[in-house]
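Just the heavy atoms: all of them, side chains too, but no hydrogens, waters or symmetry mates, feed the values below. Just so it is clear, the model here is predicted, and its values are computed rather than measured. In each ligand, atom 1 is the first atom listed, and ligand 1 is the first ligand listed.
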Amino acid sequence: MTTTRFAPSPTGYIHIGNLRTALMNFLIARQSGGEFILRIDDTDPVRSKEEYVEAIKEDLTWLGLHWDRIERQSLRLDRYAEAADKLRDMGRFYEAFETPTELDLKRKKQLNMGKPPVYDRAALSLSDAEKDALRAERGDGVWRFKLDQERIEWKDGILGDISIDAASVSDPVLIRGDGQVLYTLASVVDDTEMGVTNVVRGSDHVTNTATQIQIINALGGNVPEFAHHSLLTGPQGESLSKRLGTLSLRDLRAKGVEPMALLSLMARLGSADPVELQTQMAQLIDGFDISRFGAAPTKFDEADLYPLTAHYLQSLPLEAVRDRVDALGVPADLAEPFWLMARDNITTLEDLGGWWALCRDGAEPLIAPEDEEFVAQAMSMLPAMPFDESSWSTWTGTVKDATGRKGKGLFMPLRKALTGQERGPEMAALMPLLQVVRGR
Ligand code: GLU
């Protein structure tokens, strides 16, 4: 069985970059009838906040990415301590006491000598007495995992064959001096014990994956299949890292982006397949293929979400949006014709308010000076109220006969006079809804 997980740290709102990770893991699990775990990576007690845990759940629920199980790392600290003991017993774990400044200095020296800045393992040669002295002076040290200096290889679901020389990687710190278990160890223990079979995450984790494979092997677990998706950039290829804060899912939701529009884009962006709107989750699941994704950075343009949102809304029956229509105060008998008239002329549901205001209050007429006489004459010919679907054609027919105007010269001034705009819904559908003219 396939088991995947989405493992956010609750230190902020999830954004468009996280969404890609969540969605891919979700789709892989659903494709095979497997399990999708929401794992809250909250081993950092200072930065982790309960409000973000709630926000993550809310955002995933809004998107329809339902999890089968939720796990919290903060409730599993004993499991991590056990794994740490195991690594210690195996001689794969060692305490190191360098201060950040000392480490920095070492790195600078190495770089100056043209060497990669890899931790020199000085702590490995400390005697017990030296360690005791350092501990007394500086407090507990950090615990590093001793990498086997060999090549670490895996077939990545997106990047293909990967081979990393462990000698070019520092022995990772798995436990901090204050005892806090770090992500690398917690993640490995969880992936192993929860039977995670597939891990999709961002390509910023590739080096982590190399070290994690060695830790999993040391602990005797099964190595999952890994896939690393490329990082998202802005439309010009610029880094999104600073802007991700403004691309949080809740901001996009507040701007009226529809979940299926967002999911449709993110399930295809960066793949060889075209982006197309999917209106059902089942279609997204069936159409997803991770092997179609490429390693190159993926350009994301928020603007692409709006045509997809508009397209999605056009597909909806009134039932799907009834709450929103009711909230505008549209009378029940007008809800259906109002929605059918408006849905082709909105980008997001926020735009409905403008069309309803037009129907209810009318608009400030837009009349070009040269059309003033013509519009005044036409207005005097408006058919009797209430209007119906044929009112527009009856009216324009009468005006045409009386004035000799036709085509755009006939229709456009009348549309602008009634709606105050050059573009908008079919006038035949709009006229029966014009409350002001109808005098309700
Ligand atoms: N909490 C980690 C992160 O958000 C999880 C990475 C992973 O998927 O292993 O980067």
How far is atom 6 (C) of ligand 1 from its nearest protein heavy atom, and which residue and atom is that?
Y183 OH, 3.3 Å
Which protein non-hydrogen atom lies closest to atom 10 (O) of ligand 1, naming both residue and atom, and how far is it?
H205 NE2, 3.0 Å
A student checking ligand 1 against S187 at a 4.0 Å heavy-atom cut-off should list atoms 9 (O)
NZ or CZ of R144 within 45° of Y119 ring axis and under 6.0 Å:
yes
So, do F338 and W356 have ring centers that fall under 6.0 Å from each other?
yes
Ionic contact status for R72 with D41, cut-off 4.0 Å
no
Using a strict cut-off of 4.0 Å, indicate which atoms of ligand 1 neighbour a heavy atom of D41.
1 (N), 2 (C), 5 (C)
Atoms of ligand 1 close to R201 [distance to a heavy atom under 4.0 angstrom, numbered from 1]:
7 (C), 8 (O), 9 (O)
Among non-hydrogen protein atoms, atom 4 (O) of ligand 1 lies closest to A7 O, 3.5 Å
Once the angle between the rings of F26 and F36 is folded into 0 to 90°, is it parallel (under 30°), tilted (30 to 60°) or perpendicular (over 60°)?
perpendicular
I'd like to know if R253 pairs up with E258 as an ion pair, taking the criterion as any Lys NZ or Arg NE/NH1/NH2 lying under 4.0 Å from an Asp or Glu carboxylate oxygen.
no
Parallel under 30°, tilted from 30 to 60°, perpendicular over 60°: which one fits the rings of Y52 and Y13?
perpendicular
What protein heavy atom sits nearest atom 8 (O) of ligand 1, and how far away is it?
R5 NH1, 2.7 Å
